[in-house]
There are 2 protein chains.
Amino acid sequence: MLPNKVKGNDVSTTATTPQVLRLANLKAVLSVMRANGAVTGTDLIAATGLTRATAIAVCDDLAARGWVRELPGERLVGTTKGRPARRFEFNPAAGCVLGMDVGMATATVLVADLKGRTLARVSERFEKPPASAASRRATIKQVVARALAEAGLPPSVVLAAAIGVSTVVDRHGKVAAGHELSEHFDIGLQTEVFADYGWPVLLENDANLAALAERWSGVGTGVDDLAVMLAGERLGTGLIESGRLLHGCNGGAGEVGTLELVDGVGSQDGIARLARYWGNEALAADKPTLIRELVGPGTNRVSARFVFEAAARGDEVAQGILDRIGLRMARVIAVLGTFFNPELVVIGGAVAASASALLPTITRELPRLTATPPRVAVSEFGDAIVAAGAVRLALDYVEEHAMELAPADAPA
Amino acid sequence: MLPNKVKGNDVSTTATTPQVLRLANLKAVLSVMRANGAVTGTDLIAATGLTRATAIAVCDDLAARGWVRELPGERLVGTTKGRPARRFEFNPAAGCVLGMDVGMATATVLVADLKGRTLARVSERFEKPPASAASRRATIKQVVARALAEAGLPPSVVLAAAIGVSTVVDRHGKVAAGHELSEHFDIGLQTEVFADYGWPVLLENDANLAALAERWSGVGTGVDDLAVMLAGERLGTGLIESGRLLHGCNGGAGEVGTLELVDGVGSQDGIARLARYWGNEALAADKPTLIRELVGPGTNRVSARFVFEAAARGDEVAQGILDRIGLRMARVIAVLGTFFNPELVVIGGAVAASASALLPTITRELPRLTATPPRVAVSEFGDAIVAAGAVRLALDYVEEHAMELAPADAPA
DNA sequence: AACATAAATTTAGACGCTAAATAAAAGGAG
DNA sequence: CTCCTTTTATTTAGCGTCTAAATTTATGTT
């Protein structure tokens, strides 16, 4: 048998020439391993339809490339007889990904291994607006450097990075020109900021990433038709239909910018902003409310937190405000439910935890507003939802392009 | 060389054993042929990346199955030297498809060949509502029989049938239960009506089919992010994002049922209905208008046609009605444009031709209502838009499942 | 008639897999 | 402890599908 034109493994001992395996099979096996934990040859036969010979050959190939590692021979529970199966698992240390949330005020970076487990998390505020593009770039670079240092990893092991920005991004990852906020984010994130590292850098709208995060491991896990609303300051919606993110021709899908047209909504103000606004209004009108005490004597600045807390303690003015907010959200969700017919609408963002106080109002009102009321839930991600979605996007990229990328600890 | 386990072609003359070809390659070549006209081996090499040997083998195989036919040896223009290339083309007579529009009042059937060319078209009205399910079934069967007779084709050559219905249909082709109109259409179209023929019968929402039609060969040809509004009696919207139809979890995506929430719209009434309604209102108010003359002395029933005609002739009352309708449509389109960000919105249905009178108003108002105004156009399909879309859906099915179907004139 | 050209056809063999035979690594029975 | 059973890994032969290269064929040109 003549040796094939294949790299490495030329140690002509007993070793027969390794097969050249079809890319699709490598990907399929890798995908099975990422979905499950440790995997045996028999598992792969069931999952992929390949022969045992091929399945194991694929595992050996992936292990040689560094994507997969073989576990020492502990038996799987349950099996007792027969030759012990070799066990392989996806190597989460084959690299890492970066998930970033670059907002108006703050940049957040998550470093995650290839199983999506967080290795480090760092946030930093930008200089007070208006920060120059150069200043924003510098801050972003710095946060990334700190996060990698905290994870104890060199930049070379980063296989992909994804960035969530609160402006319109089309399906090719380009910041759509001409939008209100685009100049704050179209600062060469892909071309300049990370050019030195040579990482693939993906850009996406923050609400879209929030949707990816929820479908990945949040309350929307496994839901194929899903809407996620970032509802803190500005309403923004990420839409997943049949498991795929919607963008529209310029990336504007889900931008609820013209909500002025919707009765009883009138703007794209989010929950926190409305709570502040109406809280201040109540104070200005000298209504008797706990909010005043929570704000304290020195200042007049109501923060959303105080309104929610006052309402929780039974304050009627605050509860009235939450009712108003709930009604408004119900209307927005009703429109979403009618137009997109999602199975589930998730309210996310920093305000999500508080937003659970709005759920009774929302679920009560929804059936009156639409014939197809979706389930409504509140995200449990907190303010890392966008960065978590960015991690998911980067992981998707790595999975898709695995065979073109070089794992961190690839042998030779 | 041992003969393979392959059907037919056992005439052991010079004929070498035919190759068994990969399904994906058969499909790829078939797809190229459907897209282009006559095709040579060299064309296929360029289009598919296969070798000439394989490409021609695929053609011979497809020809033997009946999907493709070889053209007699006229040279293609331009080439002058060398051995003449064999030329193959997709065989449009390998079968036919049915595209149906089953509405409340009328059933329309198109018979089309596999290139999508119409071979016959028949419409028939149902018994006056409420027609029983049995009566509706009988009418539908009858229209189909007449259409096939008109095309001169037996039922056996039908490879697939698609039906557009004006109710909610999910992405698996099931009529969603519990909807206003569902009982008129959930009459066993797939299970009973055509059970005898053994055709694959696909069900889809009428507006969705309209969208397929426009993207196939209408004003939306090739547009990847497209909304089509059926705007005659009831507003219904078909949405295509990134080239794919949107359904939502129950098929309700694009149902504008809760438009009550949208300022200045208030219902899902379509253009024709509004024209009638406001036309009657004007007559009742005794306004001086040409509409009265067009309606005639005997009756008081305004039809939409009269309003459009009066407006075209300069009647101010009628023009005022069209303005109101235009404003309303602009608002609906603005909401669509904001939520979906389509490149183009097409107004379709029987009323489409008249609707071009509304375009100036709509395009004038849109930029005020949304930051992302889509292009707006009027369909040129007339009232066959749904049936045409059904043809397209059936063709897609045939293309997808070609290798599982038996062409009409398959040899032996 | 001889040549040039572009395509078809034939042939050998490469590639990536499967199927079947064989070997290995364990537990259990005697 | 040895033998048997079970379960898996490994090896081997070879099959199906394609490519690459050589050969042939059909045409136009000189």
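Proteins come first, then strands; the chains are lettered A, B, ... in the order of their sequence lines, and each starts at number 1. These figures come from a predicted structure and were not determined experimentally.
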Using whole Å, what does the distance between atom [atom2] of nucleotide [N] and atom [atom1] of [X] come to?
X     : N      : atom1 : atom2 : answer
B:D60 : C:dA8  : CG    : P     : 10 Å
A:D43 : D:dA9  : CG    : C1'   : 15 Å
A:R22 : C:dT18 : CZ    : P     : 9 Å
B:I45 : D:dA21 : CD1   : P     : 14 Å
A:R87 : C:dA25 : CZ    : P     : 17 Å
B:L50 : D:dA20 : CG    : P     : 11 Å

Mutual orientation of the aromatic rings belonging to B:Y397 and B:H401 [parallel < 30°, tilted 30-60°, perpendicular > 60°]: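 Parallel, since the angle between the ring planes stays under 30°.
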side-chain N/O [X] vs [N] OP1/OP2, d < 4.0 Å:
X     : N      : result
B:R86 : C:dT9  : yes
A:T42 : D:dT7  : no
B:N25 : D:dC18 : yes
B:T51 : D:dC18 : no

If you compare all heavy atoms of B:V157 against all heavy atoms of B:A408, which two are closest, and at what distance to 0.1 Å?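 For B:V157 and B:A408, the tightest heavy-atom pair comes out as CG1-CB, 3.7 Å.
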B:R86 side chain to B:T40 side chain, donor-acceptor N/O pair below 3.5 angstrom: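 Side-chain D/A pair, B:R86 to B:T40: absent.
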Can you find a side-chain donor-acceptor pair between A:R52 and A:T42 that sits under 3.5 Å?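 Yes - a donor-acceptor pair under 3.5 Å links their side chains.
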Listed nucleotide nearest any side-chain atom of [X], set [options]:
X     : options               : value
B:A85 : D:dC18, C:dA8, C:dT18 : C:dA8
B:R52 : D:dT11, D:dT8, C:dA7  : C:dA7
B:I56 : D:dA9, C:dT18, C:dT9  : C:dT9

Among A:N91, A:V68, A:D43, the one residue meeting side chain to side chain contact (heavy atoms under 4.5 Å, CB included) with A:M33: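 Checked A:N91, A:V68, A:D43 against A:M33; only one passes side chain to side chain contact (heavy atoms under 4.5 Å, CB included): A:V68.
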What protein N or O atoms touch nucleotides 3-5 of chain C N or O atoms at under 3.5 angstrom, if any, and at what distances?
| residue | atom | partner | partner atom | Å |
| --- | --- | --- | --- | --- |
| C:dT5 | O2 | B:G82 | N | 3.4 |

With B:H247 as reference, evaluate B:R171, B:E204, B:H172 under the side-chain hydrogen bond (donor to acceptor under 3.5 Å, both in side chains) test and give the passing residue.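 For B:H247, the side-chain hydrogen bond (donor to acceptor under 3.5 Å, both in side chains) test succeeds with only one of B:R171, B:E204, B:H172, which is B:E204.
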Is it true that a side-chain atom of B:D225 and a backbone atom of B:S242 form a donor plus acceptor pair closer than 3.5 Å?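 Yes, because the side chain of B:D225 sits within donor-acceptor range (under 3.5 Å) of the backbone of B:S242.
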Heavy atoms under 4.0 Å, any strand shown: does B:A57 hit a base, just sugar-phosphate, or nothing?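 Nothing, no heavy atom under 4.0 Å.
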